[in-house]
Amino acid sequence: MSTRPATAPLLIACALGIEHFALRTGDRSGAGGPVTLLRTGMGPKAAERSVTRRLADPALAGSAVLATGFCAGLAPGMHPGDLVVAEETRDPDGTVPCVETDLLVKELVRAVPGRTVHTGPLTGSDHVIRGHERSDLLATGAIAVDMESAATLLSAVRAGERPVAAVRVVVDAPEHELVRIGTVRGGISAFRVLRSVLPAFHEWHRSLLLPRR
């Protein structure tokens, strides 16, 4: 039997100020270990720098890392406020498998009832995806795209062996692109969902601290 340290921390990384605000002001119920909320800045390079620097802190040795925030859905039928649980993250620098995704799905359904939760590969980009690029990425098997998750998780596992995951809230989808008039309404919906996900993150983290056989 092996056990992760009972105080192994959780690092939750997001890119934008509005994402950080949603998480910081969200429901913090649930029992996990110590939690650090990190705003990385936008884009893969900023995420890589910020996560690498933060994980150099000995206090975060062995910490679990979870990337979160908003994303663009790639599959038809996705809507703002839907959730995406990555089975893996991908970008040109590598693929990182995620841990305990089934548990995350179960806990998100409980934390945000009525919201659709999608699972599959989450791909990275260094720019906002528009038009035909969306269908091109969908053809690779990815179900959603954002600019930081892949870089965050790749930096995390390069810094040391640790559990990682990525959960994103759809703010932009094939039938609901950001350039459309419904953007504000969709953004509010996604913001409210992001404010509600912390209990699921705590439960995921708590499960990682339990003894493993």
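For clarity, every value in this text was computed on a predicted model and none was experimentally measured.
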Discussion item. Evaluate Ser189 against Arg115 for side chain to side chain contact (heavy atoms under 4.5 Å, CB included), listing each step before the verdict.
Written reply: CA-CA 11 Å; Ser189 175; Arg115 292 293 178 177; 3.1 Å; yes
Worksheet item: About how many Å separate SG of Cys98 and CG of Leu122, when rounded to the nearest 0.5 Å?
Response: 8.0 Å
Worksheet item: Has the side chain of Arg134 got a donor or acceptor atom that lies under 3.5 Å from a matching backbone atom of Gly73?
Response: yes
Discussion item. Does any part of the side chain of Val197, heavy atoms only, come nearer than 4.5 Å to the side chain of Leu83, both counted from C-beta?
Written reply: yes
Discussion item. Could you report the tightest heavy-atom contact between Glu148 and Asp146, atom names first, then the distance?
Written reply: N-OD1, 2.7 Å
Worksheet entry | Point-to-point distance, once rounded to the nearest 0.5 Å, from CG of Leu66 to CG of Leu208 | 9.5 Å
Item to complete: Over all heavy atoms of both residues, which pair between Pro9 and Ala59 is shortest? Give the atoms and the distance, please.
Response: CG-O, 3.6 Å
Discussion item. If you compare all heavy atoms of Leu194 against all heavy atoms of Leu23, which two are closest, and at what distance to 0.1 Å?
Written reply: O-CD2, 3.9 Å
Worksheet item: If only atom types and distance count, is the side chain of Thr152 paired as donor or acceptor with the main-chain N or O of Ala47 below 3.5 Å?
Response: no
Discussion item. Within the 4.5 Å heavy-atom criterion, are Thr101 and Thr119 side-chain neighbours or not?
Written reply: no
Fill in: Min side-chain heavy-atom separation Ile143-Met78 under 4.5 Å
yes
Worksheet item: Any idea which heavy atoms bring Leu11 and Arg54 closest together, and the distance?
Response: CD1-CG, 4.3 Å
Discussion item. What's the separation between atom CZ in Arg162 and atom CG in Leu60, rounded to the nearest 0.5 Å?
Written reply: 8.0 Å
Worksheet item: Could you give the distance from CZ (Phe201) to CG (Leu104), rounded to the nearest 0.5 Å?
Response: 7.0 Å
Fill in: Leu198 vs Ile12 side-chain heavy atoms within contact, under 4.5 Å
yes
Worksheet item: Where is the tightest heavy-atom contact between Val99 and Ala165, given as atom of each residue plus distance?
Response: O-CB, 4.4 Å
Worksheet item: Any idea which heavy atoms bring Ala64 and His205 closest together, and the distance?
Response: CB-CD2, 4.3 Å
